[in-house]
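These notes concern the structure reproduced below.
Please read these numbers as outputs of a predicted model, since none were measured by experiment. All heavy atoms count here, side chains included; hydrogens, waters and symmetry mates do not.
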Amino acid sequence: MTTRKPLISGNWKMNYTHLDAIAVVQKLTYTLLPADYDRADVSVHPSFTALRSVQTMLDADGIPIALGAQDVHPAESGAFTGEVSPSMLAKLNVRYVIVGHSERREHFGDTDAFVNQKLLAVLKHEMIPILCVGETLAEREAGFIEDKVVGQLEAAFDGVPAQAAEGLVVAYEPIWAIGTGRTASPDDAQAVCKAIRSWLASHYRTDVADKVRVQYGGSVTPTNIAELMAQSDIDGALVGGASLDAEKFAQIVRLGRTAS
Ligand code: PEP
């Protein structure tokens with residue numbers, strides 16, 4: 001069986017100035033130990049205005065926390081007021097880029113096709129997409145969970161060769177669990193994460209599916225991370241609210257990392 005190193009990612013959303021961001025990363029580095037980094041990859045996703053400051057700090061001090069972005073525009077450059085291109089992120093040593101977060105899909109009209117363009121652009125610039133998929137409460141209640149998620153996967157992975165697909169991260173984020181304090185039960189989360197891996201195996205190959213890291217996201221806290229991480233197809237977490245608090249986020253990393 002392939003062992004996948006967990007990836008614990010903090011999505012700070014529209015919070016923190018660059019000064020606050022530096023303070024949070026500083027606190028995180030005081031708390032996290034070499035054993036934490038050995039047994040989990042950790043990424044933080046500040047807002048665009050804080051990326052440069054956080055990058056400078058991580059690079060200068062050799063801190064093994066990966067820099068992540070929350071979104072990207074797929075075009076290389078051009079008349080896209082307010083947007084940020086993949087090469088701008090790559091130049092800042094951004095390693096992971098979230099694409100298709102449900103808040104982007106809901107509030108900013110990101111379609112499946114646009115998410116696919118973003119994902120391809122991130123790969124082209126040798127960064128790693130964290131592709132978010134997940135169902136609404138109404139879809140869950142209508143039994144439309146796997147169909148929704150598989151539809152999102154089919155669109156997002158369009159044109160992605162197997163060699164690139166295996167390095168990707170997929171975050172299963174049931175929309176009703178994001179920022180609500182409601183978490184999918186470990187069994188329910190495992191069932192969808194397993195379905196994601198099965199889709200990857202049938203679309204590509206089993207060895208590709210075995211390498212893809214599947215995160216769970218939706219009200220993850222220090223209290224629920226361990227039982228989620230005990231599931232065989234959950235390889236990490238995309239954490240929103242709880243990642244804003246350095247102590248809580250460090251606890252999540254510690255409890256979510258592999259045992260040895
Ligand atoms: C998220 O932003 O992706 C998220 C899962 O948020 P929260 O942890 O606050 O539910």
Side-chain angles (χ1 to χ4, degrees), residues 1-11 39-43 96 98 100-102 128-154 156-157 165-243 249 251-260:
M1 191 193 140
T2 316
T3 44
R4 296 174 291 267
K5 192 174 183 190
L7 170 65
I8 313 283
S9 304
N11 173 16
R39 297 178 205 166
D41 288 335
V42 181
S43 67
Y96 297 99
I98 297 172
H101 192 283
S102 62
I128 301 174
I130 298 181
L131 167 70
C132 299
V133 295
E135 81 287 354
T136 63
L137 189 56
E139 287 162 345
R140 170 161 284 261
E141 284 169 352
F144 189 63
I145 308 166
E146 282 184 26
D147 288 345
K148 168 79 181 286
V149 166
V150 164
Q152 289 177 319
L153 292 171
E154 268 167 3
F157 278 88
E166 64 184 35
L168 249 102
V169 180
V170 178
Y172 167 54
E173 298 211 302
I175 296 167
W176 49 271
I178 298 178
T180 58
R182 293 182 62 186
T183 322
S185 72
D187 285 350
D188 285 350
Q190 161 61 20
V192 183
C193 292
K194 187 173 175 194
I196 290 170
R197 206 174 304 285
S198 301
W199 179 85
L200 288 162
S202 63
H203 190 77
Y204 294 102
R205 298 184 310 265
T206 311
D207 62 305
V208 172
D210 278 348
K211 288 184 186 139
V212 172
R213 289 187 287 187
V214 182
Q215 295 178 313
Y216 168 80
S219 298
V220 170
T221 64
T223 313
N224 57 30
I225 182 71
E227 53 183 4
L228 288 161
M229 290 301 295
Q231 306 302 312
S232 56
D233 286 291
I234 300 182
D235 310 311
L238 181 54
V239 187
S243 72
F249 188 57
Q251 262 182 290
I252 290 172
V253 171
R254 188 144 308 146
L255 294 163
R257 72 185 200 192
T258 48
S260 56

Query raised in the report: Rounded to the nearest 0.5 Å, what separation is found between the OG1 atom of T223 and the CD atom of Q251?
Result: 8.0 Å
Report task. Determine which pairs satisfy salt bridge (Lys or Arg N to Asp or Glu O under 4.0 Å) with at least one residue from residues 219-241, sequence neighbours left out, and list them in order. Result -> R4-D235, R197-D233, R197-D235
**Report entry** Modelled atom types, side-chain donor and acceptor of S102 and E173, under 3.5 Å
**Finding:** no
Query raised in the report: At what distance, to the nearest 0.5 angstrom, does CG of L200 lie from CG of D207?
Result: 11.5 Å
Report summary line: The residue among I8, I234, I130, V239 that forms side chain to side chain contact (heavy atoms under 4.5 Å, CB included) with Q215 is I130
Query - For A209 against A201, the heavy-atom pair lying closest together - result: CB-N, 3.5 Å
Query raised in the report: Where do V212 and I196 land on the side-chain contact (heavy atoms from CB on, under 4.5 Å) test, with the steps shown first?
Result: CA-CA 10 Å; V212 172; I196 290 170; 6.0 Å; no
Query - Closest non-hydrogen atom pair, Y172 against C193 - result: CB-SG, 4.0 Å
Query raised in the report: Roughly how far, to the nearest 0.5 Å, is the SG atom of C132 from the CD1 atom of I178?
Result: 7.0 Å
Query - Inter-residue atom distance R213.CZ - K5.NZ, 0.5 Å rounding - result: 8.0 Å
**Report entry** Shortest non-hydrogen separation from L238 to A171 and the atoms involved
**Finding:** CD2-CB, 3.9 Å
Requested in this report: Output yes when a side-chain donor or acceptor of Y96 lies under 3.5 Å from a complementary backbone atom of V169, and no otherwise.
Outcome: no
Query raised in the report: Should Q231 and D187 be marked as a side-chain contact (heavy atoms from CB on, under 4.5 Å) after you check the CA-CA gap, both sets of side-chain angles, and the distance that decides it?
Result: CA-CA 8 Å; Q231 306 302 312; D187 285 350; 4.1 Å; yes
Query raised in the report: So which pairs with a foot in residues 128-140 pass salt bridge (Lys or Arg N to Asp or Glu O under 4.0 Å), sequence neighbours left out?
Result: E135-R140, E139-K148, R140-D188
Query raised in the report: Once you round to the nearest 0.5 Å, how far does CG of D210 lie from OH of Y204?
Result: 15.0 Å
Query - A177 versus Y216, closest heavy-atom pair with distance - result: CB-OH, 3.7 Å
Report summary line: Output for pair (S9 OG, I98 CD1), nearest 0.5 Å, gives 7.0 Å
Report summary line: Sorted by chain and number, sequence neighbours left out, ring pair (Phe, Tyr, Trp, His ring centres under 6.0 Å) with W199 holds for F157, H203
Query raised in the report: Which heavy atom in T136 sits nearest to a heavy atom in W176, and how many Å separate them?
Result: C-CD1, 3.7 Å
Query raised in the report: Should L131 and L153 be marked as a side-chain contact (heavy atoms from CB on, under 4.5 Å) after you check the CA-CA gap, both sets of side-chain angles, and the distance that decides it?
Result: CA-CA 9 Å; L131 167 70; L153 292 171; 4.1 Å; yes
Query raised in the report: Any donor-acceptor pair under 3.5 Å linking the side chain of N224 with the backbone of S219?
Result: yes
Query - Heavy-atom closest pair, residues A191 and E146 - result: O-OE2, 4.4 Å
